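Notes follow the structure.
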Amino acid sequence: MVQRPASVVKELLDNAIDAGAGHISVVLQNAGRTLIQVRDNGCGMSQLDLSLCFLRHATSKLQTVDDLQNIRTLGFRGEAMASIASVSQVTVTTKRVEDEAGISYEIHGGKEIGLAPAASDNGTSVTVRNLFYNVPARRAFLKTDATEFRHILLIFHQAALAWPEIAFDLDADGEIVYRLAPAELESRVAELFGKSYKASLIPLAESTSMVRIQGLISDPKLAKKTRGEQFLFINSRPFYHRHLNYVIQEIYRDWLQQNEFPFFALFYEVDPESVDVNVHPTKQEIKFEDERMISTFTRSVVKKALNDHMRVPVWDHAESDMPASRVAKHEHFRRFFEGESRDAAAPGGFSARGFRKTGGFVPADSATRLYGDDRFPQETEGTAPGKEHDSDADKSGQSVEMDYRKEEVKSHGHSLHAEKQRLQWRESRFSQIHNQFIISQTRNGMFIMDQHAAHKRIIFEKVLGEAESGLPSTQQLLFPKTINFSATDFSLLKELHPVITRMGFNVQVLSGNSAMILGVPSDIRLDNEQHVLESIMEQYKAMSRSLALGEKERIALAIANKAAIPRGKKLSEEEMEALVDQLFACEQPFRDPLGKYTIRSLTVEDLRAMFR
């Protein structure tokens, strides 16, 4: 079934590889809409095979019925060429080594036009023009050229990774995209995705009597916010397997943040009879004879390679000389940090560890150590634990009154500077909690504001407003920086270039998958401009798959995510006040661009209700 131009490219690449080609060239125009040409130097076809290859279910790759249980070629159904020819205008020129001249065959919309001798090099050239020209409704459902080109790039990457010993060329709209010479797998990855990958690749290779796994995984620092660089191959055939992807992602879980995905290219070699490659219409999914064994072996191999690279020590209780008491203590701390502590959560959301075994609350000095500041006065009632008061006071039963400021200076040795800071904290309009939230008293209660979400809303509206007005605020770089992109990201950059220009980026697109950054939006801190642009593009790709936002909104949100004040940054009172003022100047101040709250209010009645 021909779904899009990438489907045609895949089938033609498969045929070229099956023909034993050592050099394959792909030429595109308008992302394959108007032209797809695949040339190879493989074995070529005879005149009889050339005329038969466009018949449905006709294939030269299966000789007997038993071959269906031992499939070693990429193509075998005999449907691809007939399907392609039915919705396009196809010309095939081919020549075998033993033939004196080549043959050219032309077929339009499934109807034969002609067969004639032709001058040709050894191998085969297939030219597909005007895809879906006779099915206008289907052609109308194709995406933009940039999107269709990225689908083609994925197919090209799969073929280039699976067969690094083959030279591949890719040209699009008269520009060179790739010139890949035969190489080792590590070098092929670096050529496809960037030179920075080579230093972060981790090779692996293990085998059993039933399966061999080899390939490359990546250092966690190479992870990206979007999927797309995860490759699995079975006997050099690319395939998708949801469970194996999950298994590998789980191994990286402790090393990656949420929604980050590592690069990997794993090659499985098994007996063809132990795997069914014919369970999916487009052969994207397969069925292993022993799924559990493959999954377990994959987990073991990848985990070992990653742990060895990260130098994770392996400690065995049975082989350790550590005393039993220390082993028990180690287990206690392990359970504690893995969330298995015996202290359960107390009612109301408070931790049971905040109370004594006798049920008393922790004293103020423990609270000071817990919260990391000195804003909590010691309120005493009766005799404080570990303290002895004047005997006369005890006899009279009167509470001990003390100036908590003097007591604190006496017991903790605080300076007058600390006292001054305390008074400033009490008198300020705004306060910051854990360097994440801003609180302030209002006429009938208080509000709590998330500084990161609030600033994200401010920048989002600012960037969109400047884009609409055509007057973006840009800070020019003193020294322009040149960046090399992968072909996929470079295609996305060209697609987004008009939009990011209106939003404050000054980027000059160069040839050879490179671009020069001359300026960035004024809200972005000048530090690592290359990382900023790459990060914004990664976020854009992630949002494209999950959010129903327009192109401008996704770019504005990506810029806001990158430029917003991070959680954990300490703000001065002036900065907090300015942030609150800017938030309430927004059109929608109460929610961030994703609909999450930026600010919440509590009335005095709400506060009283918490303590009833």
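Remember, predicted model here, so these are calculated numbers, not experimental data. Side-chain atoms are counted along with the backbone in the values below, which use heavy atoms only and exclude waters and symmetry mates.
Using cut-offs of 30° and 60° on the angle between ring planes, the pair F239 and F288 is perpendicular. Using bins of under 30°, 30° to 60° and over 60° for the plane-to-plane angle, the ring pair H157/Y178 lands in the perpendicular bin. Classified by interplanar angle (parallel below 30°, tilted 30° to 60°, perpendicular above 60°), the ring pair F168/F156 is perpendicular.
Side-chain atoms of R188 come within 3.5 Å of backbone N or O of P164 as a donor-acceptor pair. Although no hydrogens or angles enter the test, the distance criterion places no donor-acceptor pair under 3.5 Å between the side chain of E148 and the main chain of D145. Distance alone, capped at 3.5 Å, is enough to place a donor-acceptor pair between the T298 side chain and the I294 backbone. Here the side chain of N30 pairs no donor or acceptor atom with the backbone of G32 at under 3.5 angstrom. Remark: the backbone N or O of M293 is not paired with any side-chain donor or acceptor of T296 at under 3.5 angstrom. Of the possible polar contacts, one joining the S86 side chain to the S83 backbone as a donor-acceptor pair under 3.5 Å is found. Looking only at distances, no side-chain donor or acceptor of T226 sits under 3.5 Å from a matching main-chain atom of E538. With hydrogens and angles disregarded, no donor-acceptor distance shorter than 3.5 Å links the side chain of R39 to the backbone of V126. In this structure, the side chain of T501 engages the main chain of H497 through a donor-acceptor pair within 3.5 Å. Not a single donor-acceptor pair under 3.5 Å links the side chain of N513 to the backbone N or O of S486.
S125 is listed as a side-chain neighbour of Q37, based on a closest heavy-atom distance under 4.5 Å. Side-chain contact check for K198 versus V189: every heavy-atom pair is 4.5 Å or farther apart.
Heavy atoms from other residues, nucleotides or ligands lying under 6.0 Å from CG of D173 number more than 12. Other residues, nucleotides and ligands place more than 12 heavy atoms under 6.0 Å from the NZ atom of K225. By the neighbour-count criterion of 12 heavy atoms within 6.0 Å, atom CD of Q89 is densely surrounded, having more than that number from other residues, nucleotides or ligands. No more than 12 heavy atoms of other residues, nucleotides or ligands shown are found within 6.0 angstrom of CD on E184. Atom CD of E112 sits in a crowded spot, with more than 12 heavy atoms from other residues, nucleotides or ligands closer than 6.0 Å. Remark: R96 CZ is packed, more than 12 non-hydrogen atoms of other residues, nucleotides or ligands lying under 6.0 Å away. Counting non-hydrogen atoms of neighbouring residues, nucleotides and ligands closer than 6.0 angstrom, the CD atom of E98 exceeds 12 such neighbours.
Taking a cutoff of 4.0 Å between a charged side-chain nitrogen and a carboxylate oxygen, D489 and R150 do not qualify as a salt bridge. For the pair K224 and E229, the salt-bridge criterion is met [side-chain N within less than 4.0 Å of a carboxylate O]. Taking a cutoff of 4.0 Å between a charged side-chain nitrogen and a carboxylate oxygen, D121 and K95 do not qualify as a salt bridge.
Exactly one of L216, I202, L232 qualifies for a side-chain contact (heavy atoms from CB on, under 4.5 Å) with F264. That residue is L232.
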Show your reasoning for whether ring-ring contact (aromatic ring centres under 6.0 Å, His included) applies to Y133 and H108.
-> CA-CA 10 Å; Y133 79 101; H108 293 179; 7.3 Å; no
List the steps and the verdict of side chain to side chain donor-acceptor pair (under 3.5 Å) for S491 and T488.
-> CA-CA 5 Å; S491 170; T488 304; over 6 Å; no
Start with the C-alpha gap between F233 and L161, add the side-chain angles, then the distance that decides, and say whether side chain to side chain contact (heavy atoms under 4.5 Å, CB included) holds.
-> CA-CA 9 Å; F233 301 89; L161 288 172; 3.9 Å; yes
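Taking the six-membered ring for Trp and the full ring otherwise, the centers of F132 and F141 sit at least 6.0 Å from each other.
How far OG of S104 is from CD1 of I113: 11.5 Å, rounded to the nearest 0.5 Å. Note that NE2 of H151 is 10.0 Å distant from CG of L142, once rounded to the nearest 0.5 Å.
Contact between V270 and M210 at its shortest, heavy atoms only, is CG1-O, 3.9 Å.
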